[in-house]
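Quick note: numbers below take in every heavy atom, side chains included, and nothing from hydrogens, waters or symmetry partners. Since we're looking at a predicted model, the values are computed, not measured. Each chain gets a letter, A, B and so on, in the order the sequences are listed, and its residues count up from 1.
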Protein chains: 2
Amino acid sequence: MKKKPLKERILETALRLFNEKGFHGVSVEQIVDTAQTSKGGFYHNFKSKDELLYQIHDVFITYAIEKAQEAYDEYKTPISRLCAILHSFTKVFDVYQSHITVFYQESIYLSNSFQSAINVKRDQYRYLLEQVIQEGQKLGDFRKEVPANITTMAIIGMINWTYKWFDQKGPLTMEEIADIFKDLILHSLITEQGKPEAVKLVKSFSRNSTTR
Amino acid sequence: MKKKPLKERILETALRLFNEKGFHGVSVEQIVDTAQTSKGGFYHNFKSKDELLYQIHDVFITYAIEKAQEAYDEYKTPISRLCAILHSFTKVFDVYQSHITVFYQESIYLSNSFQSAINVKRDQYRYLLEQVIQEGQKLGDFRKEVPANITTMAIIGMINWTYKWFDQKGPLTMEEIADIFKDLILHSLITEQGKPEAVKLVKSFSRNSTTR
DNA sequence: TATTACAGACCGACCAGTCGGTACGATGAA
DNA sequence: TTCATCGTACCGACTGGTCGGTCTGTAATA
């Protein structure tokens, strides 16, 4: 049993506790008690409670960017890229739901230097999505009436908010929810020109959405 | 000067500080110093720091529900109601941006009894929006392919997330952003049957969205 | 005189972080 | 092979300081 290195054990324990009670709702003592170690063990592995919080942030956002970038690289059209990025998020979500909660809930408590390191990556993620939207608009697959930056934030909001309500034991999987999001987002953006491709990627397009 | 009752002064000060540094980033001492009063003054007006947090929550969510309900009552069709609710949120947002930030950031730190009181009202808000979507689907103005409850959460996410990025001094007002959201949401939901009414409410529908 | 509204010294609990110490495997000289 | 040495990983009592909340006192008002 108990073969995992201590650092990993502390990270996992802290993550679980932060997720349940928030960063300030959990003391270092609680963490070390739960992880069956000691203050010494903790501070041997982390410079501070703050650094621990940072590491939780970083592992998630790094992974999220990586997956989104993979999705972007794998496909070549804006429509398919958009779908792939939305899909990639479901994978990230399945693995990192607790991280995400902590990420969006506790990031204000990161010290300044950590904060800005995280912000750089956060912007990177947003930028990638915004690029896809802009490319789609340029090609005429997406409507030009809506500004790309606001649309991007609308999509990010829709996705990110799931951490507040998604229930692993609920009736829908994250993947099914993402499919619905794809449906909504594509319908909100697509032009007549883009429809043929959208039909292939989202089921409800095949039932022609212009008739009820 | 300084004619406001102390309780109000404390509320406003605390709100501002919570907004900047988070509930746990601000001590009661800091609050009373900034509000130019004392611990005595504070605990004369509030039973605990916790109750103060609750009051900030309650004043916002109560107002938000009221405005959404008004919007609902004032209009009679799902499409116009949806637009009105989205519009109502901008007003709430202008007045209560700080409250909203605190609301979504710190609600986990409310004690259980306060927590559930707030949850009741939060559900009320969601339910109202979900009703509108369902009615729209029943009447054939909104597409039936997307489940009403998930669509509701998508919209709520889109709206609520604005508290993370909206900048009062930015290039767009909250009202302009809401107009874009209306555009996106209506395009994602509307059926051919609903279009004539949507045209009246959102500009970009008049440039027929089926041609580019 | 009684009550309300506030002041501010004070208290006990708790908390992040420190520090002197230990357990133990690796290394290397005899 | 044996034993001294050293470095790493970890332990847990302790500290300095902060925090939410209390309590006694007082000035103003009614």
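Closest to the A/Y43 side chain, of the nucleotides D/dG20, C/dG17, C/dA7, is C/dG17. Checked against C/dA5, D/dC11, D/dG20, the side chain of B/H44 finds its nearest nucleotide in C/dA5. When the nucleotides C/dC6, D/dC10, C/dG17 are ranked by their closest atom to the side chain of A/L6, D/dC10 comes out on top. Here the nucleotide nearest the side chain of B/S27, chosen from D/dC19, C/dA7, D/dG21, is D/dC19.
Contacts of A/V26 with the nucleic acid, taken as non-hydrogen atoms under 4.0 Å apart, involve only primed sugar atoms and P, OP1 or OP2.
The cationic atom of B/K7 (NZ for Lys, CZ for Arg) lies less than 6.0 Å from the six-membered ring centre of B/F46 and within 45° of the ring axis.
Taking atom NZ of A/K7 as the reference point, atom C1' of D/dT8 lies 15 Å away to the nearest angstrom. In this structure, OH of A/Y109 is placed 16 Å from C1' of C/dA16, rounded to the nearest angstrom. At whole-Å resolution of the value, CD in A/E51 and P in C/dG17 are 11 Å apart.
Here the two rings, on B/F166 and B/W161, have centers that are 6.0 Å apart or farther.
Here B/K39 does not reach the OP1 or OP2 of C/dG8: none of its side-chain N or O atoms lies under 4.0 Å away. For D/dG20, neither phosphate oxygen OP1 nor OP2 lies less than 4.0 angstrom from any side-chain nitrogen or oxygen of B/S48. Phosphate contact (OP1/OP2 of D/dA9, side-chain N/O of A/N45, threshold under 4.0 Å): absent. Here B/S38 reaches the OP1 or OP2 of C/dA7: one of its side-chain N or O atoms lies under 4.0 Å away.
Position along DNA chain C of the nearest nucleotide to A/F23 versus A/G40 favours A/F23 as the more 5'-ward residue.
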*Let me see the working for B/F114 and B/H57 under ring-ring contact (aromatic ring centres under 6.0 Å, His included), right down to the final yes or no.*
CA-CA 9 Å; B/F114 286 142; B/H57 274 66; 9.5 Å; no

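A perpendicular orientation is assigned to the rings of A/H99 and A/Y96, their planes being inclined by more than 60° (bins at 30° and 60°).
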